[in-house]
Amino acid sequence: MLVGIARERRAGERRVAATPETVGQFIRLGLQVTIERGAGVASGYPDAAYAAAGAVVAKTLGAGKLDVLCHVGPLSPATAARLKRGAITVGFASPSTELRTVRALADAGVTAFALELVPRISRAQSMDALSSQALVSGYRAVLEAAMRFPRFFPLYMTAAGTIPPARVLVLGAGVAGLQAIGTAKRLGARVAANDIRAASAEEVTSMGGTFINLDLDAAADAAGGYARELSADRGVRQRQLLAPHVAAADVLITTAAIPGRAAPLLVTTEMVAGMHAGSVIVDLAAESGGNVEGVIAGTDTAVPTANGDGVVTLVGLADAPSTMAADASRLYAKNVANLLALMITDGQLAPDFSDEVLAGACLTRDGSVLHAPTAEALEASAPKPATPKPATPKTAPQKAAAPKRAAPKTAAPTKTTRRPAPNETAPTQTPPKEVD
């Protein structure tokens, strides 16, 4: 069975789907591995290291010959169409935004496993790529904020005076948020955090942060440990309650995201303008719409403060794991290898779809899209057949009216009133036009 490791084509993507360590794991499972030349260079893994682990380094992969294709970013529709029927793909698929690729995978008869869909259960933790990459993102977000913040993070007491610690506020206490809390705390900042899930208070405290309870009177826990989106009125109330905490923060890091949907709006432009001059905001959800109004993925935006004394720097952090490609790839490659190991029996691919992990992660199979929300989105996006216009009935041509004959001259008029002849049409008046 031939496993191919692709070189990522998307701009800015520096990660790779396998490391020399996981190539060795594949070899021990009885698989053959081919890696595209230069696939791991940006992550610090040279071709020679893969060759030493037992992989064949090839100039091109030849997608049509592969039994398994491992990748990081979503495949292009063209690549999906070149895969052979029955081939397996493992990687991020972004099914909510890459509908054309999902359709191409289904049409090609490919069995695609999307790492975003791996169930969040204890047995699948070693395959949870969302969590492993969020760990990297949360850590990186604090470093990006610290590099832009014009002050120290920790408290310093010196002969020249005391420097107070920076006040960091983290919104969203999932894996990325908890890592951001821990990293900011290790840098010496005073950290507070908020999350709408009831279970988050204890987790925030365990990382050394102070939990902010907004008293929204609504549990927002959803399946798999995710948060569900608040209703519109509760979202407004949430922003109102967050406003004074945002205004008091020196650094704000937002991490709230709902898989497959646009990120919830947590901070408005007015709230940003209420912060101190020199404050920094890092929005980790910028690529899915952003938690902060006006954020642009991959761009730093200067937002003037309300009192006009300076600006707040709004950072739309894009593809944060790629900024730390070596360790991000190390974690991601293990997620891929552990999921693929579930499908291998005696060196042969034999996925057991009664396994809840494989069944939950499977996006397409045998020409069908198995993930219900994606299938519904594809159906909704399909072009509707044009409705034929009803035929306009043809009307028979009307004969031209015969010209009226002049009335014959008569003798001198009498005092009687003339009546129309039996075959003569009485004159009619044109009705007035209606005015709108």
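Computed from a predicted model, the values in this text were never measured in an experiment. Just so you know, these numbers use all the heavy atoms, side chains as well, and skip hydrogens, waters and symmetry mates. Residue numbers start at 1 and run along the sequence shown.
Remark: side-chain polar atoms of E8 are paired, donor with acceptor, to backbone N or O of V72 under 3.5 angstrom. Judged purely by atom type and a 3.5 angstrom limit, T255 uses its side chain to pair as donor or acceptor with the backbone of L171. D67 places no side-chain N or O within 3.5 Å of a backbone atom of M1 that could act as its donor or acceptor partner. The main-chain N or O of A18 is found under 3.5 Å from a side-chain atom of Y50 such that the two form a donor-acceptor pair. Looking only at distances, no side-chain donor or acceptor of T183 sits under 3.5 Å from a matching main-chain atom of A180. For the pair E36 (side chain) and A6 (backbone), a donor-acceptor distance under 3.5 Å is absent. Under the 3.5 Å distance criterion, the side-chain polar atoms of T22 are left unmatched by any main-chain donor or acceptor of A337. Between the side chain of S381 and the backbone N or O of L378, at least one donor-acceptor pair lies under 3.5 Å. Under the 3.5 Å distance criterion, the side-chain polar atoms of R82 are left unmatched by any main-chain donor or acceptor of G62. For T345 (side chain) and Q348 (main-chain N/O), no donor-acceptor pair under 3.5 Å exists by modelled atom type.
D250 and S279 share no side-chain donor-acceptor pair at under 3.5 Å. In this model, no donor atom of one side chain and acceptor atom of the other lie less than 3.5 Å apart for R140 and S137. Donor-acceptor pairing under 3.5 Å is lacking for the side chains of S368 and D366. Using modelled atom types and a 3.5 Å distance limit, the side chains of S132 and N335 yield a donor-acceptor pair. Judged by distance alone, the side chains of T210 and R190 never bring a donor and an acceptor atom under 3.5 Å apart. Checked by atom type, the side-chain pair S322/E13 shows a donor-acceptor distance below 3.5 Å.
With Q238 as reference, L242 is the one residue of L241, L242, V236 to meet the side chain to side chain contact (heavy atoms under 4.5 Å, CB included) rule.
With respect to the salt-bridge test (charged N to carboxylate O, under 4.0 angstrom), the residues D319 and R14 do not qualify. A salt bridge is absent between R103 and E98: the closest approach of a Lys/Arg side-chain nitrogen to an acidic carboxylate oxygen does not fall below 4.0 angstrom.
Of the inter-residue distances, the one linking I121 atom CD1 with E356 atom CD reads 3.5 Å to the nearest 0.5 angstrom. One distance of note links CG of L66 with CD1 of I88; it measures 12.0 Å at 0.5 Å rounding. Atom CG of L29 and atom CG of L340 lie 7.5 Å apart (nearest 0.5 Å). Here the OG1 atom belonging to T323 is positioned 6.5 Å from the CG atom belonging to L317, to the nearest 0.5 angstrom. Summarising the geometry, atom CG belonging to L99 is positioned 7.5 Å from atom OG1 belonging to T97; distances are rounded to the nearest 0.5 Å.
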side-chain contact (heavy atoms from CB on, under 4.5 Å) between R167 and V251, worked out: CA-CA 6 Å; R167 291 163 296 183; V251 172; over 6 Å; no

Trace of the side-chain contact (heavy atoms from CB on, under 4.5 Å) decision for V170 with V168: CA-CA 7 Å; V170 178; V168 175; 4.2 Å; yes

Stepwise side chain to side chain donor-acceptor pair (under 3.5 Å) test for R120 and S131: CA-CA 9 Å; R120 283 198 151 179; S131 292; 3.0 Å; yes

Worked verdict on D300 versus T313 for side chain to side chain donor-acceptor pair (under 3.5 Å): CA-CA 7 Å; D300 286 13; T313 303; over 6 Å; no

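Counting heavy atoms from C-beta outward, V33 and I27 have side chains that approach closer than 4.5 Å. Looking at L358 and L339, their side chains come closer than 4.5 Å, going by heavy atoms from C-beta outward. For the pair L69/L61, a side-chain contact is recorded, criterion being any heavy-atom separation below 4.5 Å from C-beta on. Considering only heavy atoms from C-beta on, T254 stays 4.5 Å or farther from L284 through its side chain. Contact annotation: the side chain of V282 never approaches that of R148 to less than 4.5 Å [non-hydrogen atoms, C-beta and beyond]. At least one side-chain heavy atom of R365 sits under 4.5 Å from a side-chain heavy atom of F353. Side-chain contact between M127 and L115: absent, with no pair of heavy atoms (C-beta onward) separated by less than 4.5 Å. Contact of the V56 side chain with the I35 side chain is not registered, since no non-hydrogen atoms from C-beta on lie closer than 4.5 Å.
Atom CE of M157 sits in a sparse spot, with 12 or fewer heavy atoms from other residues, nucleotides or ligands closer than 6.0 Å. Applying the 6.0 Å contact sphere to CZ of F152 captures no more than 12 heavy atoms from other residues, nucleotides or ligands. The environment of D346 atom CG is sparse: at most 12 non-hydrogen atoms of other residues, nucleotides or ligands sit within 6.0 angstrom. The neighbour count for E270 CD, taken as heavy atoms of other residues, nucleotides or ligands under 6.0 Å away, does not exceed 12. Within a 6.0 Å radius of NZ in K65, no more than 12 heavy atoms belonging to other residues, nucleotides or ligands are found.
Closest approach of C362 to T364, counting heavy atoms only: SG-O, 3.4 Å. Here the shortest heavy-atom pairing between Y45 and P20 reads CD2-CD, 3.6 Å. The heavy-atom pair separating V191 from K185 by the smallest distance is CG2-N, 3.8 Å. Minimum interatomic distance between G316 and V295 (heavy atoms only, all atoms of both residues): CA-CG2, 3.5 Å. Between A328 and P321, the shortest heavy-atom distance links the atoms CB-O, 3.4 Å. Shortest non-hydrogen contact noted between A256 and N291 is O-ND2, 2.9 Å.
Relative ring orientation between F92 and Y332 is described as tilted, the plane-to-plane angle lying within the 30° to 60° band.
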